[in-house]
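What follows is a single structure, written as structure tokens, with notes after it.
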Amino acid sequence: MDYRIAMDRTIKILKTFFWAPIIIAVLFVVLYETDVLLPGGLQMDDQGQYMLLAIVELATLAAIPLTLYMFRVKSIKNQLTTLGAEALQRYGILRLMILGACVMTNTLFYYMTMTPSYGYMAIILVLAMTFIYPSRKRCEAEISTNPTQREE
């Protein structure tokens with residue numbers, strides 16, 4: 001009984017952290033597309049734009065494999081199998097926050113600079129987030145030692 005309650009709570013929290021950055025990014029799109037906020041507001045020289053783009057690209061390129069393979073790291077996998085829903089919540093929030101922060105940053109920088117690369121990276125990040133969607137089946141598989149069996 002306690003396992004089911006803890007897992008339900010963890011899944012609800014993880015789904016909130018999954019959808020929140022996507023909703024915030026969509027809110028950015030709506031605000032900029034309706035001219036509530038003016039696009040292209042971040043003006044800087046070419047070197048500054050290049051440096052900003054390089055930093056955000058590197059962060060995005062690092063975030064995707066880091067978050068997709070995070071639960072395969074031995075120490076994290078051990079914590080997931082021993083602590084269960086508690087560790088799943090902690091590490092699940094961490095990886096969703098990493099990808100979510102990148103999605104929101106890329107969306108915001110796209111409209112602030114009107115550089116298409118940021119928009120493309122935001123789309124790629126949202127696609128990457130679908131691979132870690134916190135469904136019940138995925139959550140139970142990630143905390144069990146054998147994905148076909150789970151402890152109750």
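All values below were derived from every heavy atom in this structure, side-chain atoms included, with hydrogens, water molecules and symmetry-related copies excluded. Predicted model, so just to flag it, every value in this text is computed and none were measured.
Both Phe131 and Trp19 are members of a single hydrophobic cluster when ILVMFWY side chains are connected at heavy-atom separations under 4.5 Å. Cluster annotation: Leu96 is not connected to Met121 through the hydrophobic network of ILVMFWY side chains, with a link wherever side-chain heavy atoms come within less than 4.5 Å. No continuous path of hydrophobic side-chain contacts links Ile132 to Leu61 [ILVMFWY only; heavy atoms under 4.5 Å]. Note on Ile24: it clusters hydrophobically with Val56, by side-chain heavy-atom contacts below 4.5 Å among ILVMFWY residues. Note: the hydrophobic cluster containing Met51 does not contain Leu58 (ILVMFWY, side chain heavy atoms under 4.5 Å, direct or indirect links).
Dense packing is recorded around CE of Met44, with more than 12 heavy atoms of other residues, nucleotides or ligands lying under 6.0 Å away. Within a 6.0 Å sphere centred on CZ of Arg72, other residues, nucleotides and ligands contribute 12 heavy atoms or fewer. Residue-environment remark: CZ (Arg90) exceeds the threshold of 12 foreign heavy atoms within 6.0 Å. No more than 12 heavy atoms of other residues, nucleotides or ligands sit less than 6.0 Å from atom CG of Asp46.
One finds the CD1 atom of Ile124 at 9.5 Å from the OG atom of Ser117 (value rounded to the nearest 0.5 Å). Of the inter-residue distances, the one linking Ile123 atom CD1 with Asn106 atom CG reads 10.5 Å to the nearest 0.5 angstrom. Here the straight-line distance linking atom CG of Leu31 with atom CG of Leu38 works out to 11.5 Å at 0.5 Å rounding. Considering CD of Glu142 and NZ of Lys77, their distance stands at 7.0 Å, rounded to 0.5 Å. Between atom CG of residue Leu53 and atom OG1 of residue Thr113 there is a gap of 8.0 Å, rounded to the nearest 0.5 Å. The CD1 atom of Ile93 sits 6.0 Å away from the CD1 atom of Ile13 when rounded to the nearest 0.5 Å.
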Criterion side chain to side chain contact (heavy atoms under 4.5 Å, CB included) on Leu88 and Cys139, from CA distance to verdict: CA-CA 7 Å; Leu88 177 66; Cys139 289; 3.5 Å; yes

Ile23/Leu27 under side chain to side chain contact (heavy atoms under 4.5 Å, CB included): CA gap, chis, key distance, verdict: CA-CA 6 Å; Ile23 291 169; Leu27 182 63; 5.6 Å; no

Worked check of side chain to side chain contact (heavy atoms under 4.5 Å, CB included) between Ile64 and Leu99: CA-CA 7 Å; Ile64 293 171; Leu99 281 181; 4.3 Å; yes

Salt bridge (Lys or Arg N to Asp or Glu O under 4.0 Å) evaluation trace for Arg4 with Glu140: CA-CA 10 Å; Arg4 180 63 71 185; Glu140 288 176 352; 3.6 Å; yes

Side chain to side chain contact (heavy atoms under 4.5 Å, CB included) assessment of Leu52 paired with Leu42: CA-CA 11 Å; Leu52 181 64; Leu42 183 63; 3.9 Å; yes

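The two atoms that bring Thr115 and Tyr110 nearest to each other are O-CD1, 3.2 Å, heavy atoms only. Contact detail for Met104 and Pro21: the closest heavy-atom pair is CG-O, 3.7 Å. Closest heavy-atom contact between Cys102 and Ala59: SG-O, 4.3 Å. The nearest pair of heavy atoms linking Met114 to Pro39 is SD-CB, 3.6 Å. Phe18 and Thr130 get closest at one heavy-atom pair: CE1-N, 4.4 Å. The two atoms that bring Ala63 and Ile98 nearest to each other are CB-CG2, 3.7 Å, heavy atoms only.
With a 6.0 Å cutoff to the six-membered ring centre and a 45° limit on the axis angle, Arg138 does not count as a cation-pi contact of Tyr133.
Under the 30°/60° scheme for interplanar angles, the aromatic rings of Tyr111 and Tyr32 are found to lie parallel.
With a 4.5 Å cut-off between side-chain heavy atoms of Ile, Leu, Val, Met, Phe, Trp and Tyr, the cluster of Leu83 takes in none.
Aromatic pair Phe109/Tyr118: ring centres closer than 6.0 Å.
Side-chain contact between Tyr3 and Ile143 is present, with at least one heavy-atom pair separated by less than 4.5 Å.
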